[in-house]
Amino acid sequence: SSTPGKAMKATHAGPTIGKALGFYNSADGEDGTVLVLVNVSYYDPATLQGADASFGNLNASGNVNIGGNLKVTGTATFGIIYVNGKIITGGEAPTITAQDAAGVGATVTVSGNDIAGRIEVTTGDTPAADILAKLQFHAAYGAGTPQVVLTAVGKGSAQAQPYVDDITGASFAVGAGSAPQANTKYTFTYHVIGTAAN
């Protein structure tokens, strides 16, 4: 810096004497200290824009600001997550099969993934108030039984009084509390949250 014996944050390309390991403990413009790893090197902010970084282990005790994308391919554990935008899920699609109560000639489809999606049940002849379809996750959840939220889409689907049953880490069933109409489409959305233990 312009003051002998004092360092300052690097704001442009040039030689550096270390890397900060914590936060500056004083207000802007005031004298203060910051823990630094002494490591003489060269800093060029142009080479860091849009660059990728890979970590084996990353431990952060303070704030971490990420201007781009964060991709975690393994397991990540968080305390509290605040989301100011949208949550968009991804992954392979599960499979679904019609059950006897859906009626003779019934068809079922699923779009989405193991976390969230849409189920359409088109009943066949003589449907009944019982299990209409069974969804099998693409990848089974862990040791705990996941929590499944099922929502009817539209008044007609709601009149079937849909419910979930037989929830395991590998699958869940969709049932109707009231006998559905024959040869009729019923639409439901689902959201699944895994748990660490029962």
Q. Side chain of Asp114, backbone of Ala139: donor and acceptor closer than 3.5 Å?
A. yes

Q) In Å and rounded to the nearest 0.5 Å, what is the CZ to OH distance from Arg118 to Tyr190? A) 11.5 Å

Q: Please report the shortest heavy-atom distance between Lys86 and Val83, naming the atom on each side.
A: O-CG1, 4.1 Å

Q) Under a 4.5 Å cut-off applied to non-hydrogen side-chain atoms, are Pro180 and Tyr186 in contact? A) yes

Q | Approximate separation, where rounding is to 0.5 Å, of Thr126 OG1 and Asp100 CG | A | 10.0 Å

(Q) Closer than 3.5 angstrom, by distance alone: can the side chain of Thr123 be matched with the main-chain N or O of Ala106 as a donor-acceptor pair? (A) no

**Q.** Contact check, side chains of Ile131 and Asp165, non-hydrogen atoms, under 4.5 Å
**A.** yes

Q. Any idea how Tyr141 and Phe137 line up, ring-wise: parallel (<30°), tilted (30 to 60°), or perpendicular (>60°)?
A. perpendicular

Q | Spatial distance of atom CG (Leu150) from atom OG (Ser157) [nearest 0.5 Å] | A | 10.0 Å

Q. Taking all atoms of both residues into account, what is the closest heavy-atom pair of Ala102 and Pro127, and its distance?
A. O-CB, 3.7 Å

Return a table of donor-acceptor pairs under 3.5 angstrom between the side chains of residues 88-97 and protein atoms on other chains or two or more places apart.
from	atom 1	to	atom 2	distance (Å)
Thr89	OG1	Asn113	ND2	3.1
Thr97	OG1	Gln99	NE2	3.3

Q | Interatomic spacing from CD in Glu120 to OG1 in Thr122 - rounded to 0.5 Å | A | 6.5 Å

Q: Take atom CD1 of Ile87 as the centre, draw a 6.0 Å sphere, and report whether it contains more than 12 heavy atoms from other residues, nucleotides or ligands.
A: no

Q | Taking every non-hydrogen atom, the tightest pair across Ala13 and Tyr42 | A | CB-OH, 3.8 Å

Q. How about Val40 and Pro15: do any of their side-chain heavy atoms sit closer than 4.5 Å?
A. no

Q | Closest non-hydrogen atom pair between Val148 and Ile167, with its separation | A | CG2-CG2, 4.0 Å

(Q) Is there a side-chain contact between Asp125 and Asn183 in this structure, where contact means two heavy atoms from C-beta onward sitting under 4.5 Å apart? (A) yes

Q. Should Leu135 and Val110 be marked as a side-chain contact (heavy atoms from CB on, under 4.5 Å) after you check the CA-CA gap, both sets of side-chain angles, and the distance that decides it?
A. CA-CA 8 Å; Leu135 183 142; Val110 61; 3.8 Å; yes

Q: For residues Phe172 and Val192, determine if any side-chain heavy atom of one lies less than 4.5 Å from a side-chain heavy atom of the other.
A: yes

Q) Would Val164 and Val153 show up in the same hydrophobic cluster when neighbours are defined by side-chain heavy atoms closer than 4.5 Å? A) no

**Q.** Where Ala179 and Ala129 come nearest, the two heavy atoms and their spacing
**A.** N-CB, 3.5 Å

**Q.** Over all atoms of both residues, closest heavy-atom pair of Gln161 and Ser178
**A.** OE1-OG, 2.9 Å

